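Along the sequence shown, residues carry numbers from 1. Because the structure is predicted, anything quoted here is derived from the model rather than measured.
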Amino acid sequence: MNYVAINNVSFAYEEGKTILDNIDLRVEKGEFICILGQSGCGKSTLLRLIAGLEMPTSGTVFVDGEEVKGASLDRGVVFQDYGLFPWMTAGKNILLALEQKYPKRRKSELKNIVYEKLGEVGLDRSVYSKYPRELSGGMQQRCAIAQALSIESPLLLMDEPFGALDAVTRAALQDMIRNLLEGENRKTVFFVTHDVDEALLLGSRIIVLGQSPSRIIYTCEIDKDNRPTRENQFTNPEFLKMRNELIGYINRDVAEKLK
């Protein structure tokens, strides 16, 4: 049984505009799926369907054998805009998620988990008492990731989480998320991005969505024993060929739509 099964899913808004058209995808447990495509092609919509924040117009989404019919704490979500309540401190934002997940556990115990997760994403305990406005964009995104990791969801959904960050902070968070999700902490991840280089660096499989109404127009797998690194990503001929193929599919799809 596939861990995530997206069966012939289509999605259209009430006004009739079709965003996704007959998406069919099978994902095994522990895969890191990067979803590539131009802005407006439905990447975020597909993520919201997996999260249960939207319902398909047709087709079904299954996670671990159960049909997705709404949001669940078994699916952690990280948004580009951080998703932190501005009137609560960073620590209390994370604590709120934990209280929903573990309503019978003591607050002091949950607070210790918050400190632990802040440390895992490279933040000091003092961040617990700071409001989002007092933190940089990179620190806010680290808090959002800590929040998603704190509830121990086996499935992590990330919607362009590093898209608004500067290059140095973005690289640091890419390395952090790659390291955090390896080994015994490994989760199944869907990671939306429009950045081909980011997808190659992070993904175990990359799927490309065409322009809306969107279908999967290309997919490739990354050899787990021969993965791109920040050092060889732009020098290794094999990785450069893969990069050019991905860019080529995206550009050709755009060109066809403009005809």
Side-chain angles (χ1 to χ4, degrees), residues 1-6 23-37 43 46-47 50 62-65 74-78 117 119-122 141-142 145-146 148-149 152-163 165 167-210 215-252:
M1 182 177 66
N2 303 106
Y3 185 67
V4 178
I6 300 171
I23 302 293
D24 203 62
L25 181 64
R26 305 286 181 273
V27 174
E28 300 295 336
K29 200 166 190 177
E31 284 195 77
F32 196 120
I33 305 296
C34 282
I35 306 172
L36 270 176
K43 303 186 299 296
L46 180 58
L47 208 72
I50 300 169
F62 288 88
V63 174
D64 201 18
D74 289 331
R75 299 185 290 277
V77 185
V78 180
K117 295 304 174 183
E120 284 184 9
V121 299
Q141 195 57 285
R142 286 175 189 263
I145 293 169
L149 294 176
E152 302 294 340
S153 302
L155 177 58
L156 187 59
L157 308 170
M158 308 185 79
D159 190 2
E160 295 197 56
F162 311 142
L165 304 177
V168 174
T169 303
R170 182 173 187 158
L173 290 182
Q174 288 169 345
D175 291 344
M176 182 202 75
I177 203 69
R178 185 169 171 171
N179 292 334
L180 275 176
L181 300 177
E182 289 182 347
E184 61 184 28
N185 295 320
R186 190 167 187 154
K187 300 178 184 291
T188 306
V189 181
F190 284 80
F191 188 99
V192 166
T193 180
H194 62 270
D195 187 327
V196 171
D197 299 322
E198 182 170 67
L200 283 167
L201 188 67
L202 295 177
S204 62
R205 184 165 27 141
I206 300 171
I207 66 169
V208 179
L209 296 182
R215 296 177 178 234
I216 297 174
I217 60 172
Y218 183 69
T219 183
C220 67
E221 295 193 18
I222 310 296
D223 184 350
K224 66 179 180 179
D225 297 319
N226 184 33
R227 295 179 52 79
T229 65
R230 210 172 292 285
E231 290 72 27
N232 67 14
Q233 191 171 9
F234 301 108
T235 58
N236 184 300
E238 180 183 350
F239 301 148
L240 286 173
K241 180 182 177 183
M242 194 178 298
R243 180 179 189 268
N244 290 335
E245 285 179 351
L246 287 164
I247 293 172
Y249 271 94
I250 293 170
N251 288 343
R252 282 193 295 274

K.L.:
Between the main-chain N or O of Gln233 and the side-chain N or O of Asn236, is there a donor-acceptor pair closer than 3.5 Å?
P.N.:
no
K.L.:
Ile6 versus Leu46: any side-chain heavy-atom pair under 4.5 Å?
P.N.:
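A side-chain contact exists here, since the closest heavy-atom pair is under 4.5 Å.
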K.L.:
In plain terms, say whether Lys117 and Glu120 are close enough for a salt bridge, that is, a side-chain N and a carboxylate O under 4.0 Å apart.
P.N.:
yes
K.L.:
Is it the case that the side chain of Asn244 and the backbone of Leu240 share a donor-acceptor pair, with hydrogens and angles ignored and the cut-off at 3.5 Å?
P.N.:
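Side chain of Asn244 to backbone of Leu240: a pair is present.
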K.L.:
For the residue pair Thr193 and Glu198, confirm or rule out a side-chain donor-acceptor distance under 3.5 Å.
P.N.:
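Glu198 and Thr193 do have a side-chain donor-acceptor pair below 3.5 Å.
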K.L.:
For Glu28, is there an ion pair with Arg205 - N to carboxylate O distance below 4.0 angstrom?
P.N.:
no
K.L.:
In terms of side-chain geometry, is the basic nitrogen of Lys29 or Asp64 positioned less than 4.0 Å from the acidic oxygen of its partner?
P.N.:
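No, Lys29 and Asp64 are not salt-bridged.
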K.L.:
Please determine whether a side-chain nitrogen of the Lys or Arg among Asp175 and Arg230 lies less than 4.0 Å from a carboxylate oxygen of the Asp or Glu.
P.N.:
yes
K.L.:
Between Asp225 and Arg227, does any side-chain N to carboxylate O distance fall below 4.0 Å?
P.N.:
no
K.L.:
Let me confirm one number: the CZ-CD1 distance from Arg252 to Ile247, rounded to the nearest 0.5 Å.
P.N.:
11.0 Å
K.L.:
Are Tyr3 and Glu31 linked by a side-chain donor-acceptor pair shorter than 3.5 Å?
P.N.:
no
K.L.:
Compare all side-chain heavy atoms of Leu156 with those of Phe190 and state whether any distance is below 4.5 angstrom.
P.N.:
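Sidechains of Phe190 and Leu156: no contact.
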K.L.:
With the side chain counted from C-beta on, respond yes when Val189 and Ile177 share a heavy-atom pair under 4.5 Å apart, and no when they do not.
P.N.:
no
